[in-house]
Amino acid sequence: MTKPIYILNGPNLNLLGTRQTHIYGAATLADLDKRTAERAGKAGFSTVFRQSNREGELVDWIQEAREAASAVIVNAAAYSHTSVAILDALLAVDLPVVEVHLSNIHRRETFRHHSYVSAAADGVIVGLGAQGYELAVDAAVALVQSRATKAS
Ligand code: DQA
């Protein structure tokens, strides 16, 4: 059976749809869950969609993904800019990793321009709002399929 794509969301993303909507858009986390599940489903994949405000919990889920997932999509939110622990966890994952941010972090405050997560990501999608999550699913599916082709 095909393993699910893990979609992991960091701190404050539980507030999507009510938090700084001029930056992050009107879509809620539940909307993103639904949209990504539908997108993955069309390609024959299921999703595991989670959010945590705790760094260690995100690290635990990334470690879980090593065995349980076919790919990881991660929006580590503010931890993207601070967390070596999340970077190290992702570096230990031998799976496609796609980083996503709703906002264009490069057009915002300087402290958001650097993401530790990017050093472990196959690709990064920024600034495209909720659509970026769907594109991240497309990218993850393509990366999983291309690895499977190379391995066969
Ligand atoms: C974010 C960008 C981060 O800088 C910020 O801390 C977030 C959300 C985004 O999706 O645009 O919480 O990751």
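Every number for a ligand or one of its atoms is a count from 1 in the order of the listing.
Residue Ser103 approaches ligand 1 through these ligand atoms, each under 4.0 Å from one of its heavy atoms: 2 (C), 9 (C), 11 (O).
A donor-acceptor contact closer than 3.5 angstrom is absent between the side chains of Glu99 and Ser80.
Atom 8 (C) of ligand 1 has its closest protein heavy atom at Tyr24 CE2, 3.5 Å. From the protein, the heavy atom lying nearest to atom 9 (C) of ligand 1 is Leu102 N, 3.4 Å. Counting protein heavy atoms only, atom 6 (O) of ligand 1 is closest to Arg112 NH1, 3.1 Å.
When the heavy atoms of His81, His101, His113, Gln20 are ranked by distance to atom 4 (O) of ligand 1, first place goes to His81.
Residue contacts with ligand 1: Leu13 is placed with no nitrogen or oxygen under 3.5 Å of a nitrogen or oxygen of the ligand (distance criterion only). Polar contact check, Arg19 against ligand 1: a nitrogen or oxygen pair lies under 3.5 Å apart. Of the polar atoms of Ile105, none of the N or O atoms is found under 3.5 Å from an N or O of ligand 1, judged by distance alone. Here's the thing with Asn75: one of its N/O atoms is less than 3.5 angstrom from an N/O atom of ligand 1.
Ion pairing between a basic and an acidic side chain is recognised when a charged N comes within 4.0 Å of a carboxylate O; Arg147 and Asp94 show such pairing.
No more than 12 heavy-atom neighbours from other residues, nucleotides or ligands sit within 6.0 angstrom of CZ on Arg66. When the shell of 6.0 Å around CD of Glu67 is examined, it contains 12 or fewer heavy atoms from other residues, nucleotides or ligands.
Cluster partners of Leu15: none. The rule joins Ile, Leu, Val, Met, Phe, Trp and Tyr whenever side-chain heavy atoms lie under 4.5 Å apart, and it links nothing here.
Heavy-atom minimum distance, Asp122 versus Pro96: OD2-CA, 3.2 Å.
His101 and His81 have parallel rings, their planes meeting at less than 30° on a 0 to 90° scale where 60° marks the start of perpendicular.
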